[in-house]
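Notes follow the structure.
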Amino acid sequence: MTRSELIERMSQRHPEMPIQDVELAVKGIIERMSRSLARGQRVEVRGFGSFSLAHREPRVGRNPRTGEPVVLGSKYVPRFKAGKALRDSVDDARKRGE
Amino acid sequence: MTALSKADLAEFLSDAIGLSKRESKDLVEAFFEEISAALVRSSDVRLSGFGNFTTRDKAPRPGRNPKTGEEIPITARRVVSFRAGQKLRHRVEAVIDGRDISPDWMTDDDHDDD
């Protein structure tokens, strides 16, 4: 499912709302969650899951083109942990053989 | 700092876009419900500008109770994984409080990452 398919499905759920509002809402939700993570704030959506940052130690990587070693500083990367309700319903689908 | 919640997301939508409280709340619900429904159908979710959610089937494997050392098998399961897109990864790469680049998100073009 792409972002535009998501917008379509949300809009079918809420035919009373102009699709432009749904589009802007999706953009806004993504922007607001990204902004939180960029400021080091977690995002917690009950049942769905949580987004947080994981720390990565500095390491020596390589320039893939030249093979030259490059020092990569410590940084944070976004991580997601699915909530119990999502975890269970995704695994239940497997158990039903879907 | 407390975590960002669905209520905060809805508040942002009504403040920034001018949707009503009801509409904002409904759209935040619909957003997460439709993503969850897609994952239950095993359909990957690709949100350009944010990241991709995928489901993976894991084979059973032997496990251990880390406290007692006792062997317990870990059953087969389907799990959700998420990989942040380029744009989000760059934005969080160097987290220093208050130094978010905050792009002009309403007019910014979303381009596909990865």
Legend entry - Distance (rounded to the nearest 0.5 Å) between A:I29 CD1 and B:F50 CZ: 10.5 Å
Legend entry - Electrostatic pair A:E44:B:K6 at N-O distance under 4.0 angstrom: no
Inset, instruction - Could you please spell out the steps behind the side chain to side chain contact (heavy atoms under 4.5 Å, CB included) verdict for A:M33 and B:L9? - result: CA-CA 8 Å; A:M33 292 197 294; B:L9 286 170; 3.9 Å; yes
Legend entry - Heavy-atom proximity to chain B below 4.5 Å, by part of A:A82: side chain
Legend entry - Trace of the side chain to side chain contact (heavy atoms under 4.5 Å, CB included) decision for B:L4 with A:R42: CA-CA 6 Å; B:L4 187 84; A:R42 288 167 57 83; over 6 Å; no
Inset, instruction - Counting only heavy atoms closer than 4.5 Å, note whether A:Y76 contacts chain B via side chain, backbone, both or neither. - result: both
Inset, instruction - Measure A:L86 against the heavy atoms of chain B and call it side chain, backbone, both or neither at under 4.5 Å. - result: side chain
Inset, instruction - Quick one: which of B:E34, B:R46, B:R77 has the most heavy-atom pairs under 4.5 Å with chain A, could you say? - result: B:E34
Inset, instruction - Check step by step if side chain to side chain contact (heavy atoms under 4.5 Å, CB included) holds for B:V79 and A:V90. - result: CA-CA 7 Å; B:V79 298; A:V90 164; over 6 Å; no
Inset, instruction - Please confirm whether the backbone N or O of A:A93 pairs with a side-chain atom of B:R41, one donor and one acceptor, at under 3.5 Å? - result: no
Inset, instruction - Give a yes or no on this: more than 12 heavy atoms of other residues, nucleotides or ligands lie within 6.0 Å of atom CZ of A:R96. - result: yes
Legend entry - Most chain B-contacting option - heavy-atom pairs closer than 4.5 Å, from A:R87, A:K75, A:E16: A:K75
Legend entry - Short side-chain to backbone donor-acceptor contact, A:D91 and B:R78, under 3.5 Å: yes
Legend entry - Worked check of salt bridge (Lys or Arg N to Asp or Glu O under 4.0 Å) between B:R91 and A:E31: CA-CA 11 Å; B:R91 221 168 144 181; A:E31 164 58 23; 3.0 Å; yes
Legend entry - Any donor-acceptor pair under 3.5 Å from B:E23 side chain to A:M17 backbone: no
Legend entry - A:R9 versus chain B, the contacting section by heavy-atom distance below 4.5 Å: both
Legend entry - Euclidean distance, A:R56 CZ relative to B:E93 CD, rounded to 0.5 Å: 11.5 Å
Inset, instruction - Begin from the C-alpha positions of A:I30 and B:F31 and carry the test side chain to side chain contact (heavy atoms under 4.5 Å, CB included) through to its verdict. - result: CA-CA 10 Å; A:I30 289 175; B:F31 177 86; 4.2 Å; yes
